[in-house]
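Structure first, commentary second.
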Amino acid sequence: MRNPPVVKISLIQLAAVLLAALALELTLGRVVALSALLGGALCVLPNLYFGLRAFELLSPGARKLRGARASQRTVASFYRAETGKFVMTLAGFAAVFAAVKPLNAAVLFVSYSLCVILQWILVARLHATRH
């Protein structure tokens with residue numbers, strides 16, 4: 001089984017977020033651009049962590065989780081990855097709201113949401129091209 005393209009998807013998301021933030025910086029100002037950048041980062045970083053952790057690409061014993069006999073360990077790996085992603089997302093939002101002033105919360109949430117939608121689209125396209 002090939003490794004999932006989690007890094008590729010995250011790099012595409014990150015590039016889109018950076019381009020959007022640059023365009024917003026040039027048109028609507030620094031607060032809007034920073035809010036968009038942070039919203040995108042709050043999506044990309046936990047998702048990258050999830051992908052790497054769920055597929056055990058972060059641990060040296062990654063290849064040990066392959067095969068039918070390792071199904072319980074694989075499921076546990078996904079639960080740990082999802083828990084970590086959830087905690088990272090919550091902590092990230094809390095840190096941004098506590099530390100970043102001024103902040104455009106609407107832009108932050110829109111950017112986060114658009115980044116999630118972009119991930120769905122990228123995963124669907126990659127899945128469609130494999131079948």
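Hydrophobic cluster membership is shared by L38 and F93, with clusters built from Ile, Leu, Val, Met, Phe, Trp and Tyr side chains linked at under 4.5 angstrom. Residues V87 and L90 fall into different hydrophobic clusters, defined by Ile, Leu, Val, Met, Phe, Trp and Tyr side chains chained together at heavy-atom separations under 4.5 Å. Taken together through direct or relayed side-chain contacts under 4.5 Å among Ile, Leu, Val, Met, Phe, Trp and Tyr, L37 and V96 form parts of separate hydrophobic clusters.
Expressed to the nearest 0.5 Å, how far CG of L14 lies from CD1 of I9 amounts to 13.5 Å. For the atom pair CG of L18 and CD of Q13, the computed distance is 11.5 Å after rounding to the nearest 0.5 Å. Atom CG of residue L48 and atom CG of residue L11 lie 8.0 Å apart, to the nearest 0.5 angstrom. Annotation: the span from L103 atom CG to L108 atom CG amounts to 5.5 Å, rounded to 0.5 Å. Atom NZ of K85 is separated from atom SG of C43 by 7.5 Å, given to the nearest 0.5 angstrom.
Counting only heavy atoms from C-beta outward, the side chains of V6 and F50 never approach each other to under 4.5 Å. No side-chain heavy atom of L42 sits under 4.5 Å from any side-chain heavy atom of T89. Counting only heavy atoms from C-beta outward, the side chains of V7 and L52 approach each other to under 4.5 Å.
When all heavy atoms of A105 and F97 are compared, the pair lying nearest together is CB-CE2, 3.9 Å. The two residues A54 and A81 have their closest heavy-atom pair at N-CB, 3.5 Å.
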Report all side-chain donor-acceptor pairs from residues 111-122 shorter than 3.5 Å, counting only partners two or more places apart or in another chain.
from : atom 1 : to   : atom 2 : distance (Å)
S111 : OG     : A36  : O      : 2.6
S111 : OG     : G40  : N      : 3.2
S113 : OG     : F109 : O      : 2.8
Q119 : OE1    : N47  : ND2    : 2.6

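Of the possible polar contacts, none joining the S35 side chain to the V107 backbone as a donor-acceptor pair under 3.5 Å is found.
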